[in-house]
Amino acid sequence: MESSYNFSSIEKKWQDYWEEKQFFKVDEDPSKQKYYTLEMFPYPSGNLHMGHVRNYAIGDVIARFKTMNGLNVLHPMGWDSFGLPAENAAIKHGHHPTKWTNENIENMKSQLKTLGLSYDWDREVATCKPDYYKFTQWMFLKLYENDLAYKKEAAVNWCPSCQTVLANEQVVEGACERCDTVVEKKKLNQWFFKITDYAQRLLDDLSELPGWPDKVKIMQKNWIGRSEGCEFNLAIDGSDESMTVFTTRPDTVFGVTYMVLAPEHSLVDVISRGTPQEKDVQEFVHRMQFISDVSRTSAETEKEGVFTGAYAINPLNGEKIPIWIANYVLMDYGTGAIMAVPAHDQRDFDFARKYDIPIKVVIKSEDSPADASEMTEAYTGEGVMANSGDFDGLTVEEGIKTINQHMQDKGIGTKTINFRLRDWLISRQRYWGAPIPMIYCEDCGAVPVPYDQLPVLLPEGVEFKPSGESPLNYVENFYKTTCPKCGKEARRETDTMDTFVCSSWYFARYCSPHNSEMPFSKEDADYWMAVDQYIGGVEHAILHLMYARFFTKFLHDIKMLSVDEPFTNLLTQGMVLKDGSKMSKSKGNVVSPEEIIGKYGADTARLFILFAAPPERDLEWNDQGVEGCYRFLNRVWRLVTSCIEDLQEVTLPKTFAELDPDAKKLRFKTHATIKKVTEDLNGRFNFNTAISATMELTNAMNAYREVEEQDLCVLKEAVDTLLILLNPFAPHITEELWKICGNDESLYKLPWPTYDEAALVQDKVEIVLQISGKVRDRMVVPTNTTRENLEKMALENDKIKELTSGKQIIKVIVVPGKLVNIVAK
RNA sequence: GCGGAUGUGGCGGAAUUGGCAGACGCACCAGACUUAGGAUCUGGCGUUGCGAGACGUGGAGGUUCGAGUCCUCUCAUCCGCACCA
């Protein structure tokens, strides 16, 4: 392969050089402006895939570009290394998760290194290491201290066949994703973080994140799901009990024709006791227990329910209203009970039609029949209140306000805000996670582990069996302990934390990765935080990003962080596809990064993945496209090496004298390219067009090499510029060529070039001549030709004259530097 | 159902402020060099037409001297949420 450059030796050489010289190690430097760029750290699954390569290539270009722009750049990498796959591998092969994980980390790290990424490996973190999870436990204790961690009984998804708890994502259409058994609900005592306390702030502060994609902000907003409404009480007929409901439509209270309790509601038992319906109710409640939340709350599930035999009293008109229980009312939203207005709520409408419950229209509108029997669907639009006593005639908006106020005045109800965001269940009955640092004492109850006893270490000798319980339950020397308060024998918590807890604060750990006393020092975090540019897949748009925001706000509140949002700018990259679908082993469409790097080198791999599509869009893998990028780098190699001899004695002048047209053209291209690449990399991250621009420059240089009399200064400037601009994308080949050209300093240490305005001024410009918006001819004129002269020249143009002869010229539009448009009839 | 995104040659994509649609790359075609080419170089390459030209950014309207870009409606694909009272 005489004609291609030897990427494998070049890449290895430069990677070793950078490492030896510690190029990417950074320290806090108050004299320099900082820039923190971060790619979402990976789970150490064993091998890098193309999605990783894309993610890290993007981050690396940004980091290198910002460094060359004089910023003090923090660009760290680590491992999100707790989690199920390690434990499943342990169950299957008998290896300890530590071994499996460490081997995977080593392997992936060496793969990462072949990509030539500018990481400060000194700051590497791994969430499964005691020096890290010590502080995950610290976070738990702080949350506990601030009443943001609590334990309660909660229904979880339970697979009776696998004997284990399943995450919602592991439940597919109501069945276990592994064995297809119908998933049940089981009540377990679990730890929660009270993220709901932060719901309003998490919502409000989205507006302070202009650097986030709207898509992500909207997803978070919907997930938080704030809704304003009214909570009010209804007496239960013939009983001392009352029920509370939440509604966003108090204006429709006169249209209530039945009430619904969630099957799990505590009142169900009380009010149905002794009624003829008691047996039906119990049967229904029992049946619902075995249907998972996931399938019960699916919109496709048909609504069903039973009458409880009891009645509630409508506080506004004293009507007796039957109380039902139904599958479509959820215990964990609002109060677990609703007022049903079939005329103005589609769900209630469906249910009422099915069970022949009356429908009463209370909002009149021309868009909907006034007679309920003629309705085919609920009417939820604008209108005025009717059949509502004194409130008739009010609009929906007025009605909501007025009835709210009325209820408040009469002590029936109050204005309330509900969120659909739930508290975060963090307990996992698993081994491979950070142990929850709590101890249960018979006398003192739940006692937090004192800070000086952290970390609570995972024990080594553990048997891994799929039992549905934490394996830690079987390790006596782990769970047997003494109460930190009274010294009496006590039992440790054996659940571990959700791995999302570990990843909710890692970005702050990178600021002080070696601190053994604290998760990070405030001083370091004040310098580095917030992350200026965060990059990762959109699949983390809700959970990870929400949890990280929650933790940051909490750390801000306890004065550990000055910022209260972790990520100033967010780039959500698209997936890497092959043959139209996501690369996966089962589809057999995986392209391995190792193979590509082996065949073409890291520079080609990086270049292709950045060139093939803009970063936020999905990228279709194309082997021939990779080859195109490889050819381009070879072209650069040949071009630059062919210039070396000519340029040996050339030094760049301070200013360029009068140039001949060809030289001027090349110099124009050089500076236009600087401008283009700089603008594309500054905030917009259009890597694909930046790379196109360097290709155009290369083409222009090749063309210039054919010119008889070449201006070597202009050529040298072009060569230097090309190498610098291309460096963030393809760092190895450019460093090598730079060195071969006789330069000692590394490109990475050079300042980013600025363009010369003067070089961008052209003497002549092509003007398009249009007739009624259609291009008819072009003319080349001096750049500074005046508006009047342009018009005059256009009208004198032969082609225009010919085409407008016999027509009346209505007006002429002149856009200097661009076009002249003649409107003729 | 609700919310969001996307739609441009054979393909990936460009057009940043309403101003030459198709930059750059791939594929393809022709030529050069060559014992050879899956190397390299040169040229061509939206559709249609001999041609001047006409048509062309999912579709239908509209605004404008001028629309891929703005407005209205509509279709398709993808993603997220999905009985949230």
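Proteins come first, then strands; the chains are lettered A, B, ... in the order of their sequence lines, and each starts at number 1.
- Counting only heavy atoms from C-beta on, A/T301 has its side chain closest to B/C83 among B/C83, B/C24, B/C81.
- In this structure, A/W424 has its ring center no closer than 6.0 Å to that of A/F500.
- Residues A/K675 and A/L760 have side chains in contact (heavy-atom distance under 4.5 Å, counting atoms from C-beta outward).
- Within the structure, a side-chain polar atom (N or O) of A/K799 is placed less than 4.0 Å from OP1 or OP2 of B/G53.
- Contact annotation for A/E627: no contact, since no heavy-atom pair falls under 4.0 Å across all strands.
- With B/G12, B/A14, B/A85 as the candidates, the nucleotide lying closest to the side chain of A/A612 is B/G12.
- Taking the charged nitrogens against the carboxylate oxygens, A/E696 and A/K669 do have a contact shorter than 4.0 Å, which makes a salt bridge.
- Residue A/V538 is out of contact with every strand shown, counting any heavy-atom pair closer than 4.0 Å.
- In the set B/C24, B/A85, B/G19, B/C24 carries the atom at the smallest distance from any side-chain atom of A/N699.
- Summarising the local packing, NZ of A/K354 is surrounded by more than 12 heavy atoms from other residues, nucleotides or ligands at distances under 6.0 Å.
- For B/C24, the OP1/OP2 oxygens have no side-chain nitrogen or oxygen of A/T689 closer than 4.0 Å.
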**Prompt:** According to the Watson-Crick and G-U wobble definition with distances under 3.5 Å, which dot-bracket string, read 5' to 3', encodes RNA chain B, using [ ] for crossing pairs and | for pairs with another strand?
**Reply:** (((((((..(((......[....))).(((((.......))))).(((....)))..(((((..]....))))))))))))....
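- B/G56 and B/A60 have their P atoms separated by 9 Å, given to the nearest Å.
- Between B/G19, B/C81, B/G4, one nucleotide has an atom nearer to the side chain of A/R420 than all others, and that is B/C81.
- A/F611 comes within 4.0 angstrom of a nucleotide base, judged by non-hydrogen atoms across all strands.
- Among the protein residues, A/I813 comes within range of the nucleic acid bases, having at least one heavy atom under 4.0 Å from a base atom.
- An OP1 or OP2 oxygen of B/A5 is reached within less than 4.0 angstrom by no side-chain nitrogen or oxygen of A/R617.
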**Message:** side chain to side chain donor-acceptor pair (under 3.5 Å), that's the test. Do A/T416 and A/N418 meet it? Break it down for me.
**Reply:** CA-CA 7 Å; A/T416 342; A/N418 254 300; 5.8 Å; no
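- Between A/R353 and A/I359 the shortest side-chain heavy-atom distance falls below 4.5 Å.
- Checking B/C65, B/G25, B/C20 against every side-chain atom of A/V823, the shortest atom distance belongs to B/C65.
- Taking side-chain N and O atoms only, A/N688 has no distance below 4.0 Å to OP1 or OP2 of B/G25.
- Nearest-nucleotide assignment on RNA chain B puts the 5′-proximal partner with A/V815, out of A/F419 and A/V815.
- Atom pair A/M331:CE and B/A85:P shows a separation of 16 Å (rounding to whole Å applied).
- Glycosidic conformation at B/G9 (O4'-C1'-N9-C4 for purines, O4'-C1'-N1-C2 for pyrimidines): syn, within 90° of 0.
- Backbone-only contact: A/R776 has heavy atoms under 4.0 Å from sugar-phosphate atoms and none from a base.
- Of all nucleotides listed (B/A14, B/C81, B/C83), B/A14 comes nearest to the side chain of A/P614.
- You'll find the side chain of A/F729 reaches within 4.5 Å of the side chain of A/L681, heavy atoms only.
- A donor and an acceptor atom sit less than 3.5 Å apart, one in the side chain of A/K303 and one in the base of B/C83.
- Across all strands, A/R684 comes closer than 4.0 Å to base atoms (heavy-atom distances).
- Taking the side chain as every heavy atom from C-beta outward, A/V361 and A/M375 approach each other to under 4.5 Å.
- Across B/G7 and B/G62, the matching P atoms stand 24 Å from one another, rounded to whole Å.
- The nucleotide whose nearest atom lies closest to any side-chain atom of A/N821 is, among B/A85, B/G19, B/A14, B/G19.
- Among the protein residues, A/Q770 comes within range of the nucleic acid bases, having at least one heavy atom under 4.0 Å from a base atom.
- As judged by a 4.0 angstrom heavy-atom cut-off over every strand, A/G225 is placed among residues making no nucleic acid contact.
- Contact of the A/L577 side chain with the A/L619 side chain is not registered, since no non-hydrogen atoms from C-beta on lie closer than 4.5 Å.
- Toward the 5′ end of RNA chain B lies the nearest nucleotide of A/E620, the other residue of the pair A/A693 and A/E620 mapping further downstream.
- Within the 4.0 Å cut-off from OP1 or OP2 of B/A5, not a single side-chain nitrogen or oxygen of A/K215 is found.
- Rounded to whole Å, the P atom of B/G13 lies 16 Å from the corresponding atom of B/C26.
- Of the candidate nucleotides B/G53, B/C20, B/A23, B/A23 has the atom nearest to the side chain of A/E696.
- The distance from atom CG of A/D618 to atom P of B/G7 is 13 Å, rounded to the nearest whole Å.
- Rounded to whole Å, the C1' atom of B/U8 lies 15 Å from the corresponding atom of B/A76.
- Comparing B/U40, B/A23, B/G19 against the side chain of A/R638 picks out B/U40 as the nearest.
- Closest to the side chain of A/Q624, out of B/C26, B/C65, B/A85, is B/C26.
- Comparing the same atom, C1', in B/A21 and in B/G66 gives a spacing of 14 Å after rounding to whole Å.
- In terms of phosphate contacts, A/K774 brings no side-chain nitrogen or oxygen within less than 4.0 Å of OP1 or OP2 of B/G56.
- Ring orientation note: the planes of A/W324 and A/F351 are nearly perpendicular, at an angle over 60° on the 30°/60° scale.
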